[in-house]
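These notes concern the structure reproduced below.
If you read the sequence from its start, that first residue is 1, and numbering goes on from there. Since the model is a prediction, treat every value here as computed from it, not as a measurement.
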Amino acid sequence: MTEPWVDAPETDRRKDKLDRGPFVDMAKDLIENLADSNDSTVFGLVGPWGSGKTSVLNFITSALDRSVHVVKFNPWSFDEDRLQAELYSAILEAFPRGSRKTLRKKAVDLARRSTPALKAIPVIGTGASETVREFLPAKSWDSAFQDMAETIKAASVKVLVVVDDVDRVQPKDLLLLMKTIRLLGRFPRVNYLLAYDRKSTITALAAGLGNDPIAAQVYLEKIVQYPLDLPEPQQHFLQEIIESALGPTVRKASLGTYRGPTPESRFETFYTEHMTTTLTTPRACHRYAGQAITFLQLAKGNVDPADFFAITFLRIFYPDLYERLPAWAGDLTRKQGSNRSSKAPSEDEWLQRIKSCGYKGDTVIELMEALSSLFPHAFPDNMWRTAGGKYRANDSEYFDRYFTISLPTGDMSDEAVMRDINRIRTGEVRPGGRCPETFDHATEQMQIKALKKGARHTDYDTNARPLIDYLSIAIANRPSTQDFRDTSTRLQESWLARLLSHSDPWDEPELKAFIGLFPRPESLGHCLNLNNSHSARAMAELEAMGASKTVADQTLTDQLIPLWIDQATQWLVDAWRTRGSADSIHEQFAVWNYLVAMDGLPQLQAVTLDALKDGSLTMTTLADAFVMASTEAGNYEAPASQLTLFTDKLENTVTPEKLMELSLDEPAKEAEAKEDEIPSSAQRKRFAYEEILRWREKRATPPAYGNGTPAT
């Protein structure tokens, strides 16, 4: 659990990470030297908001010699009537208790001449205020001031009044504070250390001086004799703040990343190119890093940390752009080469979109480049197109998570998916068991999301057998009424295919038992065929190098293919024998196609011919198996007008010579189905018979030459 960042100043100089020690020593020496004089000096600690001025004030005051009495004055909570009184009260705290009574009386006398509206003076050492009795001034303001100054001088006390956050006081109160210090508080050896941002302070003073910034600057220079500019922190110190907070997370996410830029390298690049000009103060760095790491924990690991940290930067420092990004999700997550009807926005269009958020000048270009690194496919000619990784913001499946900072409704938790993968691997979920929260979710859409992520998150170099068993049983037990081409089944098969291709060979009994899990061979055929083209290429490469593939070189896929060919061939011929079976014609032709792809056609031809010869399969029944709809291959319930006999597939199953000579059994004549009527089984069989006759007649007729004369 990461501790939340709190914007609290440092008090221990040893914890300073910005190497400000030399500056602190210089300021301390200057204050001590001038504090020995009888003058009143105003020092300024100048730096932008968030630069660490309060911490440096703490370092300076703790380093001062004990002879310098430090008191702090906060002008924020006092109105005009009380401001001077509170300042005097703070000064008096630095003096020995015995001398305070006299000084307090003189301060009251002086304050009454300075602020007639003064009603109360705080009692030193208490949190209350005592009522000051009305009395008529006995002497002039100058005499009263000189009287108090002589008393302070005689006390030989060196005082440093520290006033922080001067730049955050309202313009009217800021002018009053400056006037009070300049005219009413410049007592001997009473010095001031004011902390402020120069630009903000001048702006506030100008508002009280007729909106004249030049006059405000001159006014400030008259008040502060020694402005000490806090040195800008060197970039490597600021980078260390970011690195210490976020570095471990992006490094952990980069472990095991071997292709493309890692999250660590991508974040380093984004920081260097897009963050450094904005994260220029310690507060900005701490504020950003604190929010980035805290909100990442709310996302629960379902995002890419480098992308999340980059988008968090946009959310904090460019909120108007961040708020518009979800509306542009379609364009930002556009895939290269996607067949979308809409045209991808051009570079000029992106520039105009960013300008519409209120940004101008170079900022527009910088923000477009930042978006380009996060969403590479959305921008033309982008050098980041090959950047990969998991959970990326440019992936439409994960995009919303970067803006909801949680799991969007209807999404599947990657954490839950990885947990169930681990449960399967460790045996907590046994073969035949279920994972109802993920891979066996009751909602198909959620199941699809889980299966996609399961394949993505699997470590294929780890023992694959538990996952193979889990997926194989799930696929094999698919209800016969379920479409074998549905998305969830195909995702299961694709995942299984990858597991098989990464597995070492098994013993023969294991292979046979595995094949036996699939009484309907289409699903396993799909898995093996997904790997088949890769295996064929690998074999060709080995043969080109003069090598022979040994058993040790084989994958599990290579072992299973010949066994599957045996099973699939027998299953298919049996399905042809019993045309009235429930086996889908879609499924039969899928198996036929896989047999062809995996070089199982010679075996299919041999077994088919044997069946034709022994009479267990007739030529007409076989032809009927190749009748399909021309517009949707394999649609058994196609209207008569769409039926066709796929003779090319038939010729590859039984050679043309055999098709010419094998006897046809003529089915009973049936009335032809109307064009929009679904043919019966008998009508389809009659259609197949007549199509074979036409095919034979066409084959028996010699081709004619161009002049119409038959060939001799």
Side-chain angles (χ1 to χ4, degrees), residues 412-444 446-532 554-568 571 587 590-591 594:
M412 172 58 64
S413 166
D414 293 68
E415 190 176 57
V417 168
M418 290 185 284
R419 182 177 61 247
D420 277 354
I421 288 176
N422 187 59
R423 291 175 63 227
I424 294 169
R425 286 195 185 279
T426 58
E428 183 179 342
V429 178
R430 306 291 296 172
R434 295 176 63 80
C435 298
E437 293 183 5
T438 55
F439 313 124
D440 300 298
H441 200 282
T443 304
E444 182 183 14
M446 297 294 284
Q447 185 182 16
I448 289 171
K449 289 179 180 289
L451 289 168
K452 286 181 178 179
K453 293 175 181 182
R456 183 180 303 174
H457 294 313
T458 296
D459 179 1
Y460 292 95
D461 294 327
T462 304
N463 178 24
R465 186 60 187 265
L467 282 171
I468 289 175
D469 291 342
Y470 171 80
L471 290 170
S472 299
I473 292 174
I475 294 169
N477 291 339
R478 172 176 53 87
S480 59
T481 55
Q482 182 179 336
D483 188 350
F484 75 94
R485 295 173 302 177
D486 68 42
T487 303
S488 59
T489 300
R490 281 307 188 220
L491 288 171
Q492 288 174 330
E493 292 167 353
S494 297
W495 190 4
L496 177 59
R498 293 182 65 182
L499 290 164
L500 296 177
S501 68
H502 284 79
S503 296
D504 294 331
W506 291 356
D507 294 334
E508 187 172 350
E510 292 180 293
L511 294 171
K512 291 182 177 179
F514 182 74
I515 290 289
L517 290 174
F518 298 89
R520 298 164 64 187
E522 190 282 332
S523 287
L524 182 56
H526 180 68
C527 297
L528 298 176
N529 190 55
L530 288 173
N531 297 330
N532 183 53
Q554 287 186 321
T555 66
L556 183 55
T557 298
D558 298 323
Q559 285 185 297
L560 289 171
I561 285 177
L563 295 176
W564 179 85
I565 289 174
D566 290 341
Q567 181 212 37
W571 177 88
E587 198 167 354
V591 172
Y594 296 147

>> Quick check for you: to the nearest 0.5 Å, what is the distance between Ile475 atom CD1 and Leu496 atom CG?
In response: 5.0 Å
> What closest approach, in Å, do Leu563 and Ile515 show between heavy atoms, and which atom pair accounts for it?
Replying inline: CB-CG1, 3.9 Å
> Taking C-beta and beyond as the side chain, do Gln492 and Arg478 meet within less than 4.5 Å on heavy atoms?
Replying inline: no
>> So, taking the atom named CE in Met418 and the one named OG in Ser413, what distance separates them when rounded to the nearest 0.5 Å?
In response: 7.5 Å
> Which heavy atom of Cys527 sits nearest a heavy atom of Glu493, and at what distance?
Replying inline: SG-O, 3.2 Å
>> Contact between Trp495 and Leu491 at the side-chain level, heavy atoms closer than 4.5 Å - yes or no?
In response: no
>> For Lys449 and Glu437: C-alpha separation, side-chain torsions, deciding distance, then whether salt bridge (charged side-chain N to carboxylate O under 4.0 Å, His left out) applies.
In response: CA-CA 11 Å; Lys449 289 179 180 289; Glu437 293 183 5; over 6 Å; no
>> On a heavy-atom basis, which atom in Trp571 and which in Pro519 lie closest, and how many Å separate them?
In response: CD1-O, 3.5 Å
> Would a distance-only check, ignoring hydrogens and angles, find a side-chain to backbone donor-acceptor pair under 3.5 Å from Arg425 to Pro466?
Replying inline: no
> With a 4.5 Å heavy-atom cut-off, do Trp506 and Ile468 have their side chains touching?
Replying inline: yes
> Taking Thr443 for the side chain and Met446 for the main chain, is one N or O donor matched with an acceptor at less than 3.5 Å?
Replying inline: no
> Which value, rounded to the nearest 0.5 Å, describes the distance between Glu508 atom CD and Lys512 atom NZ?
Replying inline: 4.0 Å
> In Å and rounded to the nearest 0.5 Å, what is the OG to CG distance from Ser472 to Asn477?
Replying inline: 10.5 Å
>> Looking at Ala455, is its backbone amide N or carbonyl O close enough to the side chain of Tyr460 to form a donor-acceptor pair, meaning the two atoms are under 3.5 Å apart?
In response: yes
>> Within the 4.5 Å heavy-atom criterion, are Leu528 and Tyr594 side-chain neighbours or not?
In response: no
> So do the side chains of Thr458 and Arg498 get within less than 4.5 Å of each other, counting heavy atoms only?
Replying inline: no
> Looking only at heavy atoms, which two atoms of Phe514 and Leu500 are closest? And how far apart?
Replying inline: CZ-CD2, 4.2 Å
>> Can a side-chain donor-acceptor contact be found between Thr555 and Asp558 if the only test is distance below 3.5 angstrom?
In response: yes
>> Just verifying a value: how many Å separate His441 NE2 and Leu451 CG, rounded to the nearest 0.5 Å?
In response: 12.0 Å
> Quick one: does Lys453's side chain have a donor or acceptor within less than 3.5 Å of a partner on Val417's backbone?
Replying inline: no
>> Within the structure provided, determine whether Leu511 and Leu556 are in side-chain contact (heavy-atom separation under 4.5 Å).
In response: yes
> Do Arg465 and Glu510 come close enough that some side-chain heavy atom pair is under 4.5 Å?
Replying inline: yes
> So with a 6.0 Å cut-off around CZ of Arg430, is the heavy-atom count from everything else above 12?
Replying inline: no
> Is it true that atom CZ of Arg434 has more than 12 heavy atoms of other residues, nucleotides or ligands lying nearer than 6.0 Å?
Replying inline: no
> Distance-only, no hydrogens or angles: does the Gln447 side chain make a donor-acceptor pair with backbone N or O of Asp440 under 3.5 Å?
Replying inline: no
>> If you compare all heavy atoms of Gln567 against all heavy atoms of Pro521, which two are closest, and at what distance to 0.1 Å?
In response: OE1-CB, 3.3 Å
>> Looking at every heavy atom in both Ile421 and Gly454, which two are closest together, and how far apart are they?
In response: CD1-O, 3.6 Å
> Rounded to the nearest 0.5 Å, how far apart are CG of Asn529 and CG of Leu524?
Replying inline: 11.0 Å
